[in-house]
**Q** 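Got a structure for you, questions after.
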Amino acid sequence: VHQTLLMGIGVLLGTRRLALGRRLRFDLPTLSGMAVGFWLIGMLGLLYYVGFTAWVQDYPRGGNPVGVLVGGALFIAATVAFGMFIGSFFRTRERAFQYVIACSIPLFFLANLSWPAIASPRALVALSQLLPTTSGINVVVRMNQMEASVADVARELWTLVGLAVLYGGLAIWRLGPQRAPRP
């Protein structure tokens, strides 16, 4: 879901920037509408992966479905905000594919799901907290397969809220309406 959103947002923003030949600017209703649209696509992807696919393939699932929806919604919100901020720098749509594909495996390892945090350098673990994947993957896996409660993953949920606000603000700064020059 994370990769799909980052590539999709990057491709759309890169295509639009290439067509206009200048830095992108949107009014706040348009920017909000884009974010909500991306978020809905992400939620559908999440429901497909942790719901339908898990059911069809008979993967372990169902630990805390309401928690998965809450945690997943926050993960996707942070990812959309992150994607819009990062995508605002792409001058062409191809850059989204190049960067996302090159970074996907390191992002997965930084989530500390397949590689323990204790075996990673402290600076890298601290830096990984700035990425939505670190908290998001852990929240979804722990709630969906380990029956974690909201209280068990509260720190990660608050991290996702903070990242959504941080990257949302940065996306508005990069893509929002241009301020009128002061006289």
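Start at 1 with the first residue, then count along the sequence.
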**Q** Do Phe75 and Pro132 have side chains that get closer than 4.5 Å, going by heavy atoms?
**A**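 Yes, their side chains come closer than 4.5 Å.
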**Q** Is the count of non-hydrogen atoms from other residues, nucleotides or ligands lying under 6.0 Å from Phe26 atom CZ greater than 12?
**A** yes
**Q** Is there a side-chain contact between Met34 and Leu13, using heavy atoms and a 4.5 Å cut-off?
**A**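 Of all side-chain heavy-atom pairs linking Leu13 with Met34, at least one is under 4.5 Å.
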**Q** I want to check something: taking the side chain as every heavy atom from C-beta on, are Phe97 and Val11 in contact at a cut-off of under 4.5 Å?
**A**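 When only atoms from C-beta onward are counted, Val11 and Phe97 do touch, with a gap below 4.5 Å.
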**Q** Using every non-hydrogen atom in the two residues, find where Leu163 and Leu130 come nearest and quote the distance to one decimal.
**A** CD2-O, 3.7 Å
**Q** Determine whether a donor-acceptor pair (N or O, by modelled atom type, separation under 3.5 Å) exists between the side chain of Trp39 and the backbone of Ile76.
**A** no
**Q** To the nearest 0.5 Å, what is the distance between OG (Ser88) and CD1 (Ile9)?
**A** 11.0 Å
**Q** Could you state whether Leu40 and Tyr48 fall into the same hydrophobic cluster, counting links through intermediate Ile, Leu, Val, Met, Phe, Trp or Tyr residues with side-chain heavy atoms under 4.5 angstrom apart?
**A**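 Yes, one cluster joins them.
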**Q** If you count heavy atoms of other groups shown closer than 6.0 angstrom to CZ of Arg93, is the number above 12?
**A** no
**Q** Is there a side-chain contact between Val1 and Tyr49, using heavy atoms and a 4.5 Å cut-off?
**A** yes
**Q** With a 3.5 Å distance limit and no angle check, can you tell me whether Asp152 reaches the backbone of Ser149 through a side-chain donor-acceptor pair?
**A** yes
**Q** Short question: side chain of Thr15, backbone of Leu12 - any donor-acceptor pair under 3.5 Å?
**A**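 No, the answer is negative, given that no donor and acceptor are paired below the 3.5 Å cut-off.
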**Q** Any chance you could measure Leu44, atom CG, to Thr4, atom OG1, to the nearest 0.5 Å?
**A**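 Reported value, rounded in 0.5 Å steps: 12.0 Å.
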**Q** What distance separates Arg155 CZ from Leu160 CG, expressed to the nearest 0.5 Å?
**A** 10.5 Å
**Q** Going by the angle between their ring planes, with limits at 30° and 60°, are Tyr167 and Phe82 parallel, tilted or perpendicular?
**A** perpendicular
**Q** Treat each ILVMFWY residue as a node, draw an edge where side-chain heavy atoms are under 4.5 Å apart, and state whether Leu18 and Tyr99 are in one component.
**A** no
**Q** Measure the shortest side-chain to side-chain distance between Leu31 and Ile172 over non-hydrogen atoms and say whether it is less than 4.5 angstrom.
**A**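 Result yes, sub-4.5 Å side-chain heavy-atom pair found.
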**Q** Test your reading of the model: is there a side-chain donor-acceptor pair from Arg142 to the backbone of Ala148, 3.5 Å cut-off?
**A** no
**Q** On the ring face of Phe89, is Arg174 found with NZ or CZ under 6.0 Å from the centre and within 45° of the axis?
**A** yes
**Q** Counting distance only, does the side-chain N/O of Ser120 pair as donor-acceptor with the main-chain N or O of Val125 below 3.5 Å?
**A**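 Checking the backbone N and O of Val125 against the side chain of Ser120, no donor-acceptor pair under 3.5 Å is found.
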